[in-house]
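What follows is one structure encoded as structure tokens, with my remarks underneath.
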Amino acid sequence: MAAETKVQKVPDPNSAKYKLDAIVSKHYREVQEAKDRGEKIGWCASNFPQEIFQTLGIKVCYPENQAAAISARGAGEKMCEISESNGYSNDICAYARISLAYMEVKDAPEQNMPQPDFMLCCNNICNTMMKWYENIAKELSIPMILIDIPFNPDYKVSPAQVEYVKGQFLDAIKQLEEITGKVWSDEKFKEVMAISNRTSRAWLDATAYTKYKPSPLNGFDLLNHMAVAVCARGTVDAAEAFETLVEEYSKAVVEGTSTFRGEEKHRIMFEGIACWPHLRTTATGLKSRNINMVATIYADAFGFIYDDFDGLIRSYCNVPNAMNLEHSRDMRIDIAKRTGAEGLLVHTNRSCKLWSGFMYEMSRQIGEACEIPVTSFDGDQADPRNFSAAQYETRVQGLTEIMESNKGGMM
């Protein structure tokens, strides 16, 4: 009997997924090409103001994106163990451990990127990043530029904070001109800001489509597409790709289709960074119970909308990890209510102490305000050793039972 020939589906080059995947590939390729030409390239924090290096025409890559890709492709534990053998504690961020290991081994088939000539750090994510980037700069004897954006204890960003950060923006521009030999252009800066806003609006429009019932997308799609919002926000390619994504979701709503494969019986909010090494396990644990993840602040965190230079600074001062509990809580409550989330699943992330530290109290307040059940599971964004599939299954099952009870009985 002749063997059956399998026909592989050819990706549609006009689809949003094809365009978004191509942008990520192009991003790494262009950074390597710049390095090969002898240009100075940097490693950059995900919430460092990309408008600065985009205006200067400087190529950078993102250790966080790389670490997520390496861990999702199965090499997170190996890289973490390399760092730990060099004396780094297994209690620090797994992204940092993977990055510190890559600095040494300089090769990871799961996701390679060129070694840096300078580091761009912004601590509106966390202060761990400062020491992580400092160590790399010291080990490689390269400069590090830091923009200090302090945690904001108030609800709104004050004029004083804007002025404090603005001076650092301007100083960072001068330092990068000196390091790279590139020249700043105010006109180019205005153009980049306009493109960044266009991209962010399209991205936030796309993430908002989970408000429809049923949702035209599997919420886990957002975690995959988010890389483009990080690495290419100031490019026309990214803006057009996200606009295509919006068009596809709009069409899906009309046609009643969805990338969520199954019946959407329940809708939840997922809190925290994805467990990249166990993405399939976490997604399947929900899908098998007909639960769609329709709400997460993680994806929206990389959409920056502003009107001018001061507004740009306020946006970077107003990212989730830099704001107080009350503001963070209210943003999440708004997302949960807009999307009709019936439950809250919290990832207590061993790698992200800042994010997880006040999540117990915040999730309690969110649950009360939205009148939804809350459960949590232990995990890690990149170290697979800090996750128990059995615990995750138990917690999701318990959440499901409560949601079913709230709907008036077993479904």
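FYI, side chains are in, hydrogens and waters are out, and symmetry mates aren't considered; it's all heavy atoms of this structure.
In this structure, His347 and Phe377 have parallel ring planes: the angle between them is below the 30° cut-off, well short of the 60° mark. Using bins of under 30°, 30° to 60° and over 60° for the plane-to-plane angle, the ring pair Phe53/Phe48 lands in the parallel bin.
Sequence neighbours left out, the pairs with a member in residues 111-134 that pass salt bridge (charged side-chain N to carboxylate O under 4.0 Å, His left out) are Lys35-Asp117, Lys131-Glu134. Each side chain to side chain donor-acceptor pair (under 3.5 Å) pair with one or both residues in residues 48-66, not counting sequence neighbours, appears once here: Glu30-Lys59, Ser46-Glu64, Gln50-Ser196, Glu51-Ser196, Glu51-Tyr306, Glu51-Tyr316. Screening residues 314-333 for salt bridge (charged side-chain N to carboxylate O under 4.0 Å, His left out) gives Glu271-Arg332 as the qualifying pairs, with residues at least two apart or on separate chains. Listed by first and then second residue, the side chain to side chain donor-acceptor pair (under 3.5 Å) pairs that reach into residues 208-230 are Asp221-Thr259, sequence neighbours excluded.
There is no side-chain donor-acceptor pair under 3.5 Å between Gln397 and Glu393. One side chain, Gln381 or Asn349, offers a donor N or O that lies under 3.5 Å from an acceptor on the other. Residues Ser351 and Asp380 bring a donor and an acceptor atom of their side chains to less than 3.5 Å of each other. A donor and an acceptor atom, one from each side chain of Tyr28 and Asn112, are nowhere located under 3.5 Å apart. Between the side chains of Glu264 and Asn292, at least one donor N or O sits under 3.5 Å from an acceptor N or O.
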Worksheet item: Taking it one step at a time, do Leu204 and Ile305 satisfy side-chain contact (heavy atoms from CB on, under 4.5 Å)?
Response: CA-CA 10 Å; Leu204 294 174; Ile305 306 296; 3.9 Å; yes
Practice prompt. Applying side-chain hydrogen bond (donor to acceptor under 3.5 Å, both in side chains), run through Asp186 and Trp184 and close with a yes or a no.
Written response: CA-CA 7 Å; Asp186 288 338; Trp184 181 262; 2.8 Å; yes
Item to complete: Check the pair Lys17 / Asp12 against salt bridge (Lys or Arg N to Asp or Glu O under 4.0 Å), numbers first and verdict last.
Response: CA-CA 9 Å; Lys17 185 180 185 308; Asp12 179 3; over 6 Å; no
Discussion item. Could you go through Glu342 and Lys407, starting from their C-alpha distance and side-chain angles, then the distance that decides it, and tell me whether this counts as salt bridge (Lys or Arg N to Asp or Glu O under 4.0 Å)?
Written reply: CA-CA 9 Å; Glu342 304 161 40; Lys407 280 192 170 182; 3.4 Å; yes
Worksheet item: Could you walk me through whether Asp300 and Thr207 pass the side-chain hydrogen bond (donor to acceptor under 3.5 Å, both in side chains) check?
Response: CA-CA 7 Å; Asp300 286 3; Thr207 65; 2.8 Å; yes
Please report, to 0.1 Å, the donor-acceptor pairs under 3.5 Å made by any side chain of residues 136-149, with sequence neighbours excluded.
unit_1 : atom_1 : unit_2 : atom_2 : d
Asp148 : OD1    : Asn123 : ND2    : 2.9
Asp148 : OD2    : Tyr164 : OH     : 2.5

All N/O donor-acceptor pairs, side-chain side in residues 244-255, below 3.5 Å, sequence neighbours left out:
unit_1 : atom_1 : unit_2 : atom_2 : d
Thr244 : OG1    : Lys19  : NZ     : 3.0
Thr244 : OG1    : Glu240 : O      : 2.9
Glu248 : OE2    : Ala16  : N      : 2.8

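Two rings, from Phe260 and Phe220, have their centers 6.0 Å or more apart.
No donor-acceptor pair under 3.5 Å is formed between the side chain of Trp132 and the backbone N or O of Tyr95. At distances below 3.5 Å, not a single donor-acceptor pair connects side-chain atoms of His278 with backbone N or O atoms of Phe387.
In summary, Lys26 and Asp237 engage in a salt bridge, as defined by a charged side-chain N under 4.0 Å from a carboxylate O.
Heavy atoms of other residues, nucleotides or ligands lying less than 6.0 angstrom from CG of Asp36 number more than 12.
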